[in-house]
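For ligands, and for the atoms within them, numbers begin at 1 and follow the listed sequence.
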Amino acid sequence: MLIRKPGDILPSDITPPEIYRERRRFMQGMGVLAAGAVLGATRDARAGAKLAGVRASAYKLDEERTSFKDATTYNNFYEFGTGKADPAASAGSLKTRPWTVTVEGEVGRPRTYDIEELLKLAPLEERVYRLRCVEGWSMVIPWVGFPMHEIIRRAAPTGNARYVEFVTLNDPRQIPGLRSHVLDWPYVEGLRMDEAMHPLTLLAVGMYGEVLPNQNGAPIRLVVPWKYGFKSAKSIVRIRFVEKQPLTAWMRATPSEYGFYSNVNPEVDHPRWSQAKERRIGEFFKRDTLIFNGYGSQVAQMYRGMDLKKYF
Ligand SMILES: Nc1nc2c(c(=O)[nH]1)N[C@H]1C(S)=C(S)[C@@H](COP(=O)(O)O)O[C@H]1N2
Ligand SMILES: [Mo]
């Protein structure tokens, strides 16, 4: 049949070609004909649902992964409380459908995406990244997502776009913690344009092969592996391209402690503690913190000529 009804979505529309072909071969082998019926047109939104069509990537680490349990019960998501166990206990109130992400500001093609569109925007891949919190602990997490540059390219930034601002959902009905003034909400983070365009910069929609749990920033969050964890804004609703450096939530709260760049740097202490070492969650002994969290060969050139003690 060649005529497609508007509602028909072919598996090839939502799956990268190599995976589609492989799957088709597999299904032919199984004698399955109605391949399209097997793949839902929309992805299952429930946390814990397995994400289909995720391809492996070159971003792997020769390090033990943090357990799913630790990665989903030891969290920072201050909108849901400041205790490490608070987000896992409270983030159930967050409704991740319907959900939209507005891309705006200095762009030729501003647009509001439905989350279902974003899930199909680019092939989903698994990337194992280190995440190092400014508090001195770290994890190794297999994220599922797509590179940020996929959105940037489609937005066609103007010549004035020098930074990108990321804004978290600011709805006290879903996030009661927004009524207490832990930070000046909404949570805002930012990247310089070249950082946002960098191939390592990921928009994650899942982890451990599953839909992202709410406490980890469902339905879509940023992951910037060479920067302290707080740069990786969760539950994003707005991506704004701007000319001036955004004022991030942490800079607004304590500018002497948190700068815009926040690159993992063992040589620049936090005013109240050393950043030379970190504890990998699940391990006992501390390990040395690596410059740019171990991603220096990929990102150091972006900061050449910058005094990273001044631009911390
Ligand atoms: N909206 C929002 N995003 C946030 C935070 C937050 O409090 N609110 N905490 C940040 C911090 S400090 C860290 S270390 C990481 C933790 O991500 P994880 O809980 O998925 O490991 O999320 C970051 N993103
Ligand atoms: Mo953090």
* So between Y74, F230, Y78, whose heavy atom ends up nearest atom 7 (O) of ligand 1? -> Y78
* Asked: Does ligand 1 have a heavy atom under 4.0 Å from the side chain of R221, from its backbone, from both, or from neither?
  -> side chain
* SB check E257 R272 (cutoff 4.0 Å) -> yes
* Asked: Nearest protein heavy atom to atom 24 (N) of ligand 1, by residue and atom, and its distance?
  -> S232 O, 2.9 Å
* What is the nearest protein non-hydrogen atom to atom 9 (N) of ligand 1, stated with its residue, atom name and distance? -> N76 O, 3.2 Å
* Contacting atoms of ligand 1, where contact means under 4.0 angstrom from a heavy atom of T168 -> 1 (N)
* Do me a favour and list the nearest non-hydrogen protein atom to atom 3 (N) of ligand 1 with residue, atom name and distance? => K234 N, 3.1 Å
* **Over-ring placement of K234 relative to F166, 6.0 Å and 45° cut-offs** => no
* Structure fact -> The closest protein heavy-atom partner of atom 15 (C) of ligand 1 is G229 O, 3.5 Å
* Please identify which atoms of ligand 1 are closer than 4.0 Å to at least one heavy atom of E79. => 1 (N), 2 (C), 6 (C), 7 (O), 8 (N)
* What residue and atom, counting heavy atoms only, is the protein's closest point to atom 6 (C) of ligand 1, and at what distance? -> Y187 CE1, 3.4 Å
* Structure fact -> Atoms of ligand 1 under 4.0 Å from any heavy atom of C133, numbered from 1 in the order shown, are 14 (S)
* Can you tell me the protein heavy atom closest to atom 21 (O) of ligand 1 and the distance? -> N75 ND2, 4.1 Å
* Charged N to carboxylate O under 4.0 angstrom, E64 versus R280? -> no
* What class does the angle between the rings of Y303 and F292 fall in, given that below 30° is parallel, 30 to 60° is tilted and above 60° is perpendicular? -> parallel
* **Aromatic Y295 / basic R130 pairing, under 6.0 angstrom, 45° off normal** => yes
* **K120/E116 ion pair, N-O < 4.0 Å** => no
* Using the ring of each side chain (for Trp, its six-membered ring), is F77 parallel, tilted or perpendicular to F80, with breaks at 30° and 60°? -> perpendicular
* **Option passing ring pair (Phe, Tyr, Trp, His ring centres under 6.0 Å) with H270 (candidates Y228, W250, Y258)** => Y258
